[in-house]
**Student:** 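Dropping the structure in here first, questions after.
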Number of protein chains: 2
Amino acid sequence: MSDISSKQTVGQQPAPSRARRSKGAAADGGQHARADGPPEVGLVPGVPEWRTTGTLTALQELVEVSETVPAVVARKAGLSTSELHSLRHLMRGPIGPVDLAKVLGVTSAASSGVVDRLVGHGHAERRSHPGDGRRTEVVITERGRAEVLARMTPMFESLAALDATLSEGDRVVVERYLRGATAAMKNLMT
Amino acid sequence: MSDISSKQTVGQQPAPSRARRSKGAAADGGQHARADGPPEVGLVPGVPEWRTTGTLTALQELVEVSETVPAVVARKAGLSTSELHSLRHLMRGPIGPVDLAKVLGVTSAASSGVVDRLVGHGHAERRSHPGDGRRTEVVITERGRAEVLARMTPMFESLAALDATLSEGDRVVVERYLRGATAAMKNLMT
DNA sequence: TAATGTCACTCACCAACTTAGTAATCTACT
DNA sequence: AGTAGATTACTAAGTTGGTGAGTGACATTA
């Protein structure tokens, strides 16, 4: 794990020297230009020399909400994030617990429990696979489908409207950017 | 909500009919035409009548990766997702446990534990707030900063390179799209 | 000064994951 | 055909990281 820690001043930051503002909230430990400095903090805030553009900060914000939204939506629906994630995937068609586990990034033991809860809430049901006695197919129910749509429809409508405003030329540019960003993030997972 | 699901053939997918592939891994419950199948599944798969564009599917993939990456990266680093999230936020400057809790979307009881673990691993330290005896500031250490940079730098470099290829005109288009998408998702949280 | 609010923290509990192992079934190789 | 090995779904027990409730120290306001 990160043998990187070469020099290490570990504990102490240089010492605040700067007199404290009496301000309540900000806290400002004195490290980097936050409130008063130049407008930007950088895509990696804390490494100010990395230049930032409007598109990059917009991308960063999108990624940030993408991480936040599922947890919030799931909670509102009374589901765990794994359950919501499963439900969304089940919209595409039936799938077995083992494959579902791969989609979720958890063990099959965990996904077995996820399916239990889904079935318990009436959002999905188990069905035995014709032709392979080991397999179980998990199938979304009407209720599960309605739940997902109810939670996500407004977003899809907004997105579709936004998307419709793009010209053909714009599409090429935007899609290339999105796919490039996706690839960059996927690389972190390797 | 979503009276949309008007007709819907609900549960049953047409039935797999297709003979099973002997293949070990894929298992292919008929789910996503990802690599090989017909190009599109629909932004809301399971509601085929919703039209999909290249940009929308690219956006969907980006969002999906954004949800997946943090968990994978955190695990590789031996951190919980909350710890990684905190660390990333701490790059911007010190913050108290209560505010950190708001950022993470958890209770302050939980964030107290997060800070404990961060401090235990040497990634951050507690410092008492000058001027307000109740407050504690959580400050990232050099080691914590190095950890984040080590994990995320390759991504930022790729993104910066990608971003640099945009013309001024492109930027306007892309940024508008990204901000629009962000807004659409944020609305789900309200 | 007293009342009220805020912050960081602890405690008991719980949900959702992990590892380790099971029985049933399928596949491949003699 | 018979059997060894994979694969699937599941269970059991333990761990992790969260919640809700409540505490004491301090700050702010009446």
Side-chain angles (χ1 to χ4, degrees), chain A residues 20 22-27 68 70-72 74-87 94-121 124-139, chain B residues 19-29 70-72 74-75 77-87 94-121 124-139:
Chain A
R20 72 292 188 74
S22 62
K23 267 305 288 307
T68 312
V72 174
R75 177 169 293 210
K76 287 208 302 178
L79 299 169
S80 71
T81 57
S82 288
E83 282 158 21
L84 178 61
H85 196 163
S86 300
L87 236 28
I95 185 176
V98 167
D99 291 318
L100 185 59
K102 286 172 193 159
V103 170
L104 297 177
V106 300
T107 62
S108 69
S111 82
S112 202
V114 169
V115 174
D116 280 350
R117 281 169 280 158
L118 248 23
V119 169
H121 290 128
E125 52 183 38
R126 282 182 232 252
R127 176 172 313 184
S128 66
H129 186 110
D132 188 338
R134 295 167 302 178
R135 290 176 183 265
T136 298
E137 280 182 339
V138 181
V139 183
Chain B
R20 70 296 190 74
R21 281 79 133 76
S22 63
K23 265 305 287 306
D28 170 22
V72 174
R75 178 171 291 209
L79 299 168
S80 71
T81 57
S82 289
E83 282 159 21
L84 179 61
H85 196 161
S86 300
L87 236 27
I95 187 176
V98 166
D99 290 321
L100 186 58
K102 287 172 193 158
V103 170
L104 297 178
V106 299
T107 62
S108 69
S111 82
S112 202
V114 170
V115 174
D116 281 350
R117 280 169 285 162
L118 249 23
V119 170
H121 289 128
E125 54 181 35
R126 282 184 232 252
R127 176 173 314 183
S128 65
H129 186 108
D132 188 338
R134 294 167 305 179
R135 289 176 183 266
T136 298
E137 280 181 339
V138 181
V139 183

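Convention: sequence-line order gives letters A, B, ...; per-chain numbering from 1. Only heavy atoms go into these numbers, but all of them, side chains included; no hydrogens, no water, no symmetry mates.
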**Student:** On DNA chain C, does the nearest nucleotide to A/Gly133 precede the nearest nucleotide to A/Thr81 from the 5' side, or the other way round? Give the residue.
**Tutor:**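 So the residue in question is A/Thr81.
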**Student:** Nearest to the side chain of A/Val114, which nucleotide is it out of C/dA8, C/dC17, D/dC10?
**Tutor:**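 Closest of the options to the side chain of A/Val114: C/dC17.
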**Student:** Measure from CG on A/Asp116 to P on C/dA16 and round the result to the nearest Å.
**Tutor:**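 The distance from CG of A/Asp116 to P of C/dA16 comes to 12 Å, rounded to the nearest Å.
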**Student:** For residues 103-111 of chain A, dump all side-chain donor-acceptor pairs below 3.5 Å to protein atoms at least two apart in sequence or in another chain.
**Tutor:**
from     : atom 1 : to       : atom 2 : distance (Å)
A/Thr107 : OG1    : A/Ala110 : N      : 3.3
A/Ser111 : OG     : A/Pro97  : O      : 2.8
A/Ser111 : OG     : A/Ser108 : O      : 3.1

**Student:** Are any protein N/O atoms closer than 3.5 Å to N/O atoms in nucleotides 19-22 of chain D? If there are, list each pair with its distance.
**Tutor:**
from   : atom 1 : to       : atom 2 : distance (Å)
D/dT19 : OP2    : B/Thr107 : N      : 2.8
D/dT19 : OP2    : B/Thr107 : OG1    : 2.7

**Student:** Taking the side chain as everything from C-beta on, heavy atoms only, tell me whether B/Ser86 gets closer than 4.5 Å to B/Leu118.
**Tutor:**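 Sidechains of B/Leu118 and B/Ser86: in contact.
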**Student:** For the side chain of A/Arg135 and the base of D/dT8, is some donor closer than 3.5 Å to an acceptor across the two?
**Tutor:**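 No, no donor-acceptor pair under 3.5 Å.
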**Student:** Donor-acceptor check, side chain of A/His121 to backbone of A/Arg117, threshold 3.5 angstrom: yes or no?
**Tutor:** yes
**Student:** Just compare C/dC9, D/dT7, C/dG5 and give me whichever is closest to any side-chain atom of B/Arg134.
**Tutor:**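 Nearest to the side-chain atoms of B/Arg134, counting from C-beta on, is C/dG5.
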**Student:** Using whole Å, what does the distance between atom P of nucleotide D/dT16 and atom CD of B/Glu83 come to?
**Tutor:**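 These atoms are roughly 12 Å apart.
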**Student:** Can you tell me how far P of D/dG17 sits from CG of B/Leu84, to the nearest Å?
**Tutor:** 13 Å
**Student:** Separation of B/Asp132 atom CG from D/dA25 atom C1', in whole Å?
**Tutor:** 11 Å
**Student:** Tell me which nucleotide among D/dA9, C/dC7, C/dC26 gets nearest to the side chain of A/Thr136.
**Tutor:**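 Comparing D/dA9, C/dC7, C/dC26 against the side chain of A/Thr136, the answer is D/dA9.
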**Student:** Indicate whether OP1 or OP2 belonging to D/dG18 is found under 4.0 Å from a side-chain N or O atom of B/Arg117.
**Tutor:** yes
**Student:** Would you indicate whether the side-chain heavy atoms of A/Val115 and A/Arg126 approach each other to under 4.5 Å?
**Tutor:**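 Sidechains of A/Val115 and A/Arg126: in contact.
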**Student:** Measure CG/A/Leu118 against P/C/dA16 and give the value in whole Å, please.
**Tutor:**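 About 11 Å, once rounded to whole Å.
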